[in-house]
Protein chains: 2
Amino acid sequence: MRKPPRHRRKMQSVTMSDVAELANVSPSTVSLFLRKPEAVSATASQAISRAIDKLNYVPNLMAGGLAAASSRAVSILVPSVRNAFFAETVSSMQTALKKQRLQLILGHTEYDEQEEEELVRMALSWAPAAIVLTGLSHSAATRRLLANVAIPVIEIWELGGPQIDAAIGFHHDQVGIAAAEHLVRQGRRNLLFLGARMHQDRRARQRCNGFLQAARAAGAAAKVVEHPDTASAEIGSMLLAEALRLHPETDGIACSNDHIALGVLFACERQKIAVPDRLAVIGFGDLSFSAACNPPLTTIRPSGDLIGREAARLIEEHLHGEKADTHRTIDTRFTLQHRRSS
Amino acid sequence: MRKPPRHRRKMQSVTMSDVAELANVSPSTVSLFLRKPEAVSATASQAISRAIDKLNYVPNLMAGGLAAASSRAVSILVPSVRNAFFAETVSSMQTALKKQRLQLILGHTEYDEQEEEELVRMALSWAPAAIVLTGLSHSAATRRLLANVAIPVIEIWELGGPQIDAAIGFHHDQVGIAAAEHLVRQGRRNLLFLGARMHQDRRARQRCNGFLQAARAAGAAAKVVEHPDTASAEIGSMLLAEALRLHPETDGIACSNDHIALGVLFACERQKIAVPDRLAVIGFGDLSFSAACNPPLTTIRPSGDLIGREAARLIEEHLHGEKADTHRTIDTRFTLQHRRSS
DNA sequence: TCAGGCGATAATAGCGCTACGATTTATTTG
DNA sequence: CAAATAAATCGTAGCGCTATTATCGCCTGA
């Protein structure tokens, strides 16, 4: 009348108990060794590491996370990793986090707050150690979801608005201002901003607005020509053609980023427009080609790398319990790279 | 004489039981609803969704994963997401996986097998639904770790060697061959391959080797000039200068990627070297600037996007139990974009 | 000699959820 | 109308690990 085993379950091949058994200690000791090796005697440590090696034991982070009510994951949501800016930040952050054995869970919002909201929900399901979002603008539901979480919430790549918790980045309107002031300093009076995808990209819009204001404040004329698609050199060339048709008097151009600026330079070369003599050009991004093109592109270099590192540092501090409450604002600034295009 | 509660534990604010209670059903039913909504009656479904909304319930994927012995995570390891090729694949994959509610865990190997091994170990700790690696070359320990896992192991961006499980990509030597044959077809006989970081980037090396062999097979001379750093336009310009010094007779150049090619075009422009008359140039990658530069760059376009989508499809099939064993090879091919630089 | 203290190890009770079988309820059929 | 079948729901036993408390030796010093 004996019953068969009621529940059969899938399982992990090698568990912590297996290691404990082989090392002749209790599972608790193995767990302790994994988390605080210094608290375990040398003898036990050795036996345990040997057993781990022999069995090729891989700890189960889900079990660990469940028991500890927190995980070794950090969720980062960016518009897209195809964008070199965010790729840089993601990359530097992952490098920094790896040292703390934290893993990056990546999500792409595609500049869509609805999408972001869904991704935040999914991210929270992992009980991450921190969550990183791009920008300061989020749906109401996203804010609600994040309002009461006990982990750091870090908003990157934008400063200058109400923030949820920490914010790391710079002021995009100041980028626009710097570009305008630079062109004015170079003696230009008929300025133009060439922008791509500005209906979606808030930060490009902020740069544009800063540019227009500063230009006008300095007594220069300032117009905008834009294109709805993602920035590319091709669109840059098209925008230049349109710009010169609509505003032939233009003598200084700022671009929403270096892809656009590169396209402008290509078009100028084809049409024998002298840069910077006839037209000064300034970009944004300092991408890999910006110093190498003809002429080398004056541009504003953001701090994508630093943003990622600072975010990782914040997370590390929080993890190590340095109570220094995370509600902070870190301005990573930007620098003007003056080259020959202006 | 009563004891205080022995164990106090941290916890999640809202659990499935809370939802069940509010909806007047058992936790099992809530779980079922979340996994297979169609198996739950309309009445119960409604009550449950309402409760979820009201409580703002977020399921705990770690608990779920632990119980189900599998997680909703897919681990992807690429050399770096700063590289536009991999960014493209990661991005398209993430988009495709999102529909299945799978999350991407990202790791950067930096072209280092040791690093990759560590990352694989960390990745396995999550009991992912699949694991995606770049290339076919891995450390012995990595192979051992992956030998017996029950999940799909997908190697991307390289074909033509022994694979662990599935492989999705193309043959890089064929890329080199196509480039050489193209230049020969254009009447070039003194060919050169310009490469960056080839000591680390196996796939660039394969393209180079294919190029040299095909060029020589076609009776053309073929040399190599390389630089140890990451590809960039600046390095492309430097390499061109060195190339013309060492091999002034060169009349056709293939580059390990479009960044290098762009630098070559920039340098040619500065030095008034006519492209393609004096020098034909072909790149690899078809990056965002390649069609827009002067002259538009002939290049070979890989299928980074497709690779990501195919990988996601494979994972989906496996998840839906379509036994179609995953050990497969999918050749995503590449296409030659003939433009004016050759 | 033995209480007191300390470092190292062990035992225990869940973390929140899913899978499985068992049970209940609704629906059909002989 | 009872029996058989199908549909919906529930109860239970862990998944593998961590945090907390309890225990075990061993050394010190009065």
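Here is the naming used below: chain letters follow the sequence lines, and residue numbers restart at 1 for every chain. Excluded from the calculations below are hydrogen atoms, water molecules and symmetry mates; all remaining heavy atoms, backbone and side chain alike, are included.
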Short N-O contact, A:Arg313 and A:Glu310, less than 4.0 angstrom =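 Looking at A:Arg313 and A:Glu310, the cut-off is met.
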
message = Using a strict threshold of under 4.0 Å (side-chain N to carboxylate O), is an ion pair present between B:Lys54 and B:Asp18?
response =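 Here B:Asp18 does not pair with B:Lys54 in a salt bridge, since their nearest N and O are not under 4.0 Å apart.
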
ask   = When the C1' atoms of the five terminal pairs at each end define the local axes, what inter-axis angle does the helix from C:dT1-D:dA30 to C:dG30-D:dC1 show, to 10 degrees?
value =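 It works out to 50° between the end axes.
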
inquiry  = With a 3.5 Å distance limit and no angle check, can you tell me whether A:Thr89 reaches the backbone of A:Gly304 through a side-chain donor-acceptor pair?
reply    =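 Here the side-chain-to-backbone pair exists.
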
query = Does B:Ser41 offer a backbone N or O that forms a donor-acceptor pair with the side chain of B:Ser45 under 3.5 Å?
reply =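 Yes: the side chain of B:Ser45 pairs with the backbone of B:Ser41.
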
key: Side chain of B:Ala68 (C-beta onward), nearest among D:dT18, C:dG16, C:dT18   =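 Nucleotide nearest to B:Ala68's side chain: C:dT18.
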
request  = Check every atom of C:dC15, D:dG14, D:dT9 against the side chain of B:Ala67 and return the nucleotide holding the closest atom.
outcome  =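 The answer is D:dG14, which lies nearest to the side chain.
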
Rounded off to whole Å, could you give me the [atom1]-to-[atom2] distance for the [X] and [N] pair?
| X | N | atom1 | atom2 | result |
| --- | --- | --- | --- | --- |
| A:Lys36 | C:dA8 | NZ | P | 13 Å |
| A:Leu66 | C:dC15 | CG | P | 9 Å |
| A:Leu34 | D:dA19 | CG | P | 12 Å |
| B:Phe33 | C:dC17 | CZ | C1' | 16 Å |
| B:Met62 | C:dT18 | CE | C1' | 16 Å |

task = List the atom of B:Phe33, the atom of B:Ile48, and the distance in Å for their closest heavy-atom pair.
result =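 Looking at all heavy atoms of both residues, the shortest contact is CD2-CG2, 3.5 Å.
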
task = Name all residues meeting the side-chain contact (heavy atoms from CB on, under 4.5 Å) criterion together with A:Glu118; count only those two or more places apart in sequence or in a different chain, and write none if there are none.
result =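 A:Glu118 satisfies side-chain contact (heavy atoms from CB on, under 4.5 Å) with B:Lys98 only.
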
ask   = How long is the span from the OG atom in A:Ser303 to the CD1 atom in A:Ile330, to the nearest 0.5 Å?
value =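 Going from the OG atom of A:Ser303 to the CD1 atom of A:Ile330 covers 11.0 Å.
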
key: B:Ser17 OG to B:Leu22 CG distance, which is reported to the nearest 0.5 Å   =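 Result: 12.5 Å between the selected atoms.
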
Contacts under 3.5 angstrom, residues 161-169 of chain B side chains, donor-acceptor by atom type, not counting sequence neighbours:
{"residue": "B:Gln163", "atom": "OE1", "partner": "B:Thr329", "partner atom": "OG1", "Å": "3.2"}
{"residue": "B:Gln163", "atom": "NE2", "partner": "B:Asp165", "partner atom": "O", "Å": "3.1"}
{"residue": "B:Gln163", "atom": "NE2", "partner": "B:Arg328", "partner atom": "O", "Å": "2.8"}
{"residue": "B:Gln163", "atom": "NE2", "partner": "B:Thr329", "partner atom": "OG1", "Å": "3.0"}
{"residue": "B:Asp165", "atom": "OD1", "partner": "B:Thr326", "partner atom": "OG1", "Å": "3.1"}
{"residue": "B:Asp165", "atom": "OD1", "partner": "B:His327", "partner atom": "N", "Å": "3.3"}
{"residue": "B:Asp165", "atom": "OD2", "partner": "B:Val153", "partner atom": "N", "Å": "3.0"}
{"residue": "B:Asp165", "atom": "OD2", "partner": "B:Thr326", "partner atom": "OG1", "Å": "2.9"}

Passing candidate, side-chain contact (heavy atoms from CB on, under 4.5 Å) with B:Val74, options B:Leu104, B:Ile151, B:Leu106 =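 Considering B:Leu104, B:Ile151, B:Leu106, a side-chain contact (heavy atoms from CB on, under 4.5 Å) with B:Val74 is found only for B:Leu104.
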
Selection: residues 14-32 of chain B, any non-hydrogen atom under 4.0 Å of DNA chain C =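 Within this stretch, B:Thr15, B:Met16, B:Ser28, B:Ser31 sit under 4.0 Å of the strand.
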
query = For DNA chain C, which residues in residues 47-61 of chain A have a heavy atom at a distance below 4.0 Å?
reply =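 Per residue number, the list is empty: none.
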
When the side chains of residues 120-128 of chain A are checked against the rest of the protein, which donor-acceptor pairs come out under 3.5 Å, sequence neighbours left out?
{"residue": "A:Arg121", "atom": "NH2", "partner": "A:Glu117", "partner atom": "OE2", "Å": "3.3"}
{"residue": "A:Ser125", "atom": "OG", "partner": "A:Arg121", "partner atom": "O", "Å": "3.2"}
{"residue": "A:Ser125", "atom": "OG", "partner": "B:Pro59", "partner atom": "O", "Å": "3.3"}

message = So, OP1 or OP2 of D:dA19: does either fall under 4.0 Å of a side-chain N or O from A:Arg35?
response =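 Yes, A:Arg35 has a side-chain N/O under 4.0 Å of OP1/OP2 on D:dA19.
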
